[in-house]
Amino acid sequence: MTADDRPIDASKRETDDGPGNFLRDVVAADIAAGKNDGKLVTRFPPEPNGYLHVGHAKAICINFELAQEFGGVCNLRFDDTNPTREYEQYIEAIQQDIRWLGFDWGDNLYFASDYFDQLYAWAVDLIKRGLAYVESLTPEQVREYRGDFHKPGRESPYRDRSVEENLALLEKMRAGEMAEGEATVRAKIDMQSGNMNMRDPIMYRVLKVAHHRAGDKWCIYPTYDYAHGQSDAIEGITHSLCSLEFEGHRPLYDWFIEHLDTPSTPRQIEFARLNIGYTVLSKRRLLQLVKEGHVAGWDDPRMPTLRGMRRRGIPPEAIRKFADRVGVARRPGVVDISLFEHAIREQLNATTPRVFGVLDPLKLVITNFPEGHVEELEAPLSPEDPSMGSRTLRLTRELFIERDDFREEAPKKWFRFAPGREVRLRYGCLVTCNEVIKDEAGEVVELRCTWDPDSKGGSSPDGRKVRGTSHWVSAADAVDCEVRLYDRLFSVENPTGDDDVDYLTHLNPSSLEVKRGCKVEPYAAALPVGSRVQFERVGYFAVDNDTADGNLVWNRTISLRDSWAKVEKKQGPPKKG
RNA sequence: UCGGGGAUCGUCUAACGGUAGGACGCAGGAUUCUGGUUCCUGCUAUUGGGGUUCGAAUCCCUAUCCCCGAACCA
């Protein structure tokens, strides 16, 4: 059998080591079959009533990357069919966030509201053909007539109004002569359908509210169901990709496309939306967290919003990488947060300069180091990438080290500071701790050490093994700063899993820990807001935008993996008397 | 009168009648001036029960479990 004999499978990639994406297969098959003239057009259709979060990021990546991969385009369309929600403030923010994520829609910026005229004309058309009617039942009655999962709906007494009457009533609605709730336009489909969406869905409702773009031109507005598919069709969207919850709407989506003379026939395909453990991803809940002050705002670094993540220091590349690795399938699930954390560390590890920062300073005095003497030492900003350059470290008699790097009684396998131990000050020198100074309360306030002048730069002059290496800052030029440590927002993996328990009760009370009096080296202190670095041996940090003159603030994006913590845990808690 | 989806390692995700693979995670080990990175090794899965077949995660039947749906929201 030769390669030519085998059935063509465009979806099969030669090196298939990436995660699954059945959408790619579908698109490839459609293109191979010559559908839509072999073109691909997707779209990301946010409703501008909230900020974007990681869940949206997945959808954004799917739509833009698929278009990219197949040489198509991806539109950005604001689904602004409901003027009772606040819009304006989000339009610009959403665009900023998508650009930050790394995607560009070029000139393809659209608004569903741009199609209101066409949508209205199509509604008239449907009425003329007896496929839609003006409903005069009250909202309560409409609900009652609709039935439920176990009870078929009943047809409205207004269902069989004449075309003329319907047209006249529609005109009255449009002209503002109807009150809100007084009338709607419904598609005449099937009140018996097992699919509730097909029980004469509402196409238009009266909303006497001005629209952020259309002004007060309209006082009736199309619903999502009536507007979305047709908007897709107008834009020539070939594949309308959405989340699983819209599955039941697909027959309706298709019904409108089939019964209307649309310029194209887009296909809706659903995929599983993203869920991540220990957080919530719903606009409603995110809004609640902000409004009730459980977080500081939409851009609180604990929030899963793009703005929050940006402020926290998470690079957009990490989010894209994460979305790609999660894959696309139809099976709903909850992605382990560690997958995201891995993508973040991977990106940060490859791109971030290494600097010294001490979160919990402990004074260290090198007793045999000449008073006032300074050793200037060149230290690389990256151990792996020389092109990142270097900065100068100033070794002096008095330094700060991390308090956690010292133990008065060293546990097993402890390589760091302890009485009598020799430790390397990274890129500095080797020092041996000979004396521990305590205050009246018995707390360690100072370590007195001696250095080996031959170890300048941190190398071991005679090749002797020094396993412990610690970061440090010179007391003379260290810059004071505030560091904000973040932990997961919720203390349980699925905060909304129990209907009887308010998810807010699962808020992690220690999701934010503020540390003051931290010390960073001058090079780091001079970095502009938004800069991302690694504090060696501690974690990745970004300069927060609360930073002002004389008040330097860092956000911990994520800690380094800490295999010592695992060893220590395995050894059991330190023995107390 | 219920309709629509889904079930593969702990977690995501492949395999499209022909060796159940990858990533994360976890456990060991090597290298290391970050207990970081990198590298190596190992770990664990086809929801249950029947069938069809030389051969089934895949096809059929059946049971079970999970998700979505009853806004004039999207």
Side-chain angles (χ1 to χ4, degrees), chain A residues 9 11-12 16-21 25 45-47 49 79 81-82 84-85 135 138-139 142-143 146-153 180-186 192-199 201-207 220-221 223-225 227-228 242-251 270 272 277 283 325-343 345-346 349-350 354 356 379 383-384 413-416 424-428 430 455 457-460 466-471 534-539 559-568:
Chain A
D9 184 357
S11 70
K12 202 80 183 171
D16 198 344
D17 52 356
N21 182 344
D25 301 349
E47 183 189 15
N49 73 335
D79 234 331
T81 57
N82 187 345
T84 64
R85 310 219 198 183
E135 175 64 271
T138 65
V142 166
R143 194 180 322 122
R146 185 154 39 222
D148 59 35
F149 293 152
H150 304 284
K151 207 170 66 201
E180 288 189 16
E182 192 180 340
T184 58
V185 178
R186 303 179 73 178
Q192 321 293 312
S193 175
N195 182 349
M196 303 291 291
N197 297 123
M198 300 300 270
R199 319 242 265 227
I202 299 209
M203 294 162 52
Y204 273 97
R205 72 284 215 197
V206 177
L207 295 172
I220 60 173
Y221 292 93
T223 57
Y224 165 87
D225 278 318
H228 197 86
C242 63
S243 51
L244 250 26
E245 58 201 294
F246 292 101
E247 213 164 358
H249 294 250
R250 179 158 25 100
E270 312 83 20
K283 270 189 219 168
R325 282 186 194 158
V326 163
V328 185
R330 288 177 66 82
R331 156 193 16 186
V334 181
V335 177
D336 201 313
I337 189 77
S338 66
L339 191 61
F340 189 31
E341 293 175 342
H342 180 260
R345 288 197 180 100
E346 188 177 72
N349 176 55
R354 315 290 139 119
F356 290 159
E384 274 105 36
K413 293 185 177 170
W414 178 258
F415 306 145
R416 285 116 91 156
R424 176 177 8 255
L425 295 173
R426 185 157 160 90
Y427 302 132
L430 301 179
S455 67
S459 57
S460 170
V466 179
R467 297 229 30 199
T469 299
S470 283
H471 57 286
Q534 182 195 105
F535 287 178
E536 287 209 49
R537 306 205 313 125
V538 181
S559 66
L560 251 32
R561 289 182 62 199
D562 186 357
S563 58
W564 163 251
K566 283 179 194 168
V567 174
E568 195 176 34

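Throughout, protein chains are lettered first and strands after them, A, B, ... in sequence-line order, and every chain is numbered starting at 1.
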Below 4.0 Å: OP1/OP2 of C67(B) and any side-chain N or O of R331(A): no

Of the listed nucleotides G5(B), G35(B), A71(B), the one nearest the side chain of R143(A): A71(B)

Is the number of heavy atoms from other residues, nucleotides or ligands within 6.0 Å of CZ (R330(A)) greater than 12? yes

Rounded to the nearest Å, what distance is computed from the CG atom of residue D148(A) to the P atom of nucleotide C2(B)? 10 Å

Between A74(B), G35(B), A23(B), which nucleotide has the shortest distance from any of its atoms to the side chain of R325(A)? A23(B)

Check the chi torsion on A71(B) and let me know: syn if it falls within 90° of 0, anti if not. syn

For M198(A) and C2(B), what is the distance between atoms CE and P respectively, to the nearest whole Å? 20 Å

Given atom CE of M196(A) and atom P of C72(B), what is their separation to the nearest angstrom? 10 Å

Taking atom P of G36(B) as reference, at what distance in whole Å does atom CH2 of W564(A) sit? 12 Å

Report the relative orientation of the aromatic rings in W564(A) and W414(A); use parallel for angles under 30°, tilted for 30 to 60°, perpendicular for over 60°. perpendicular

According to a strict under-4.0 Å criterion, is H342(A) in side-chain N/O contact with OP1 or OP2 of C24(B)? yes

Does the side-chain ring of F415(A) sit on the six-membered ring of the G35(B) base, less than 5.5 Å centre to centre and under 30° in tilt? yes

Can you find a donor-acceptor N/O pair under 3.5 angstrom joining the side chain of E384(A) to the base of U38(B)? no

I want to confirm an ordering. Mapping A272(A) and R426(A) to their closest nucleotides on RNA chain B, which one lands closer to the 5' end? A272(A)

If only side-chain N and O atoms of R205(A) are considered, is one of them under 4.0 Å from the OP1 or OP2 phosphate oxygen of A74(B)? yes

R561(A), nearest nucleotide to its side chain (from A74(B), A71(B), U37(B)): U37(B)

Could you measure between the two C1' atoms, the one in U52(B) and the one in G42(B), and give it in whole Å? 38 Å

Tell me the interatomic distance from R146(A), atom CZ, to G69(B), atom P, rounded to whole angstroms. 14 Å

What is the separation between atom CD on E346(A) and atom P on G36(B), rounded to the nearest whole Å? 16 Å

Quick check on G6(B): is either OP1 or OP2 less than 4.0 Å from any side-chain nitrogen or oxygen of R330(A)? yes

Is C26(B) paired to anything, Watson-Crick or G-U wobble with both distances less than 3.5 Å, and if yes, which nucleotide? G42(B)

Using a distance-only criterion (donor-acceptor N/O pair, under 3.5 Å, no hydrogens), is the base of U34(B) paired with the side chain of R424(A)? no

Interatomic distance where CZ belongs to R537(A) and P belongs to G35(B) [whole Å]: 5 Å

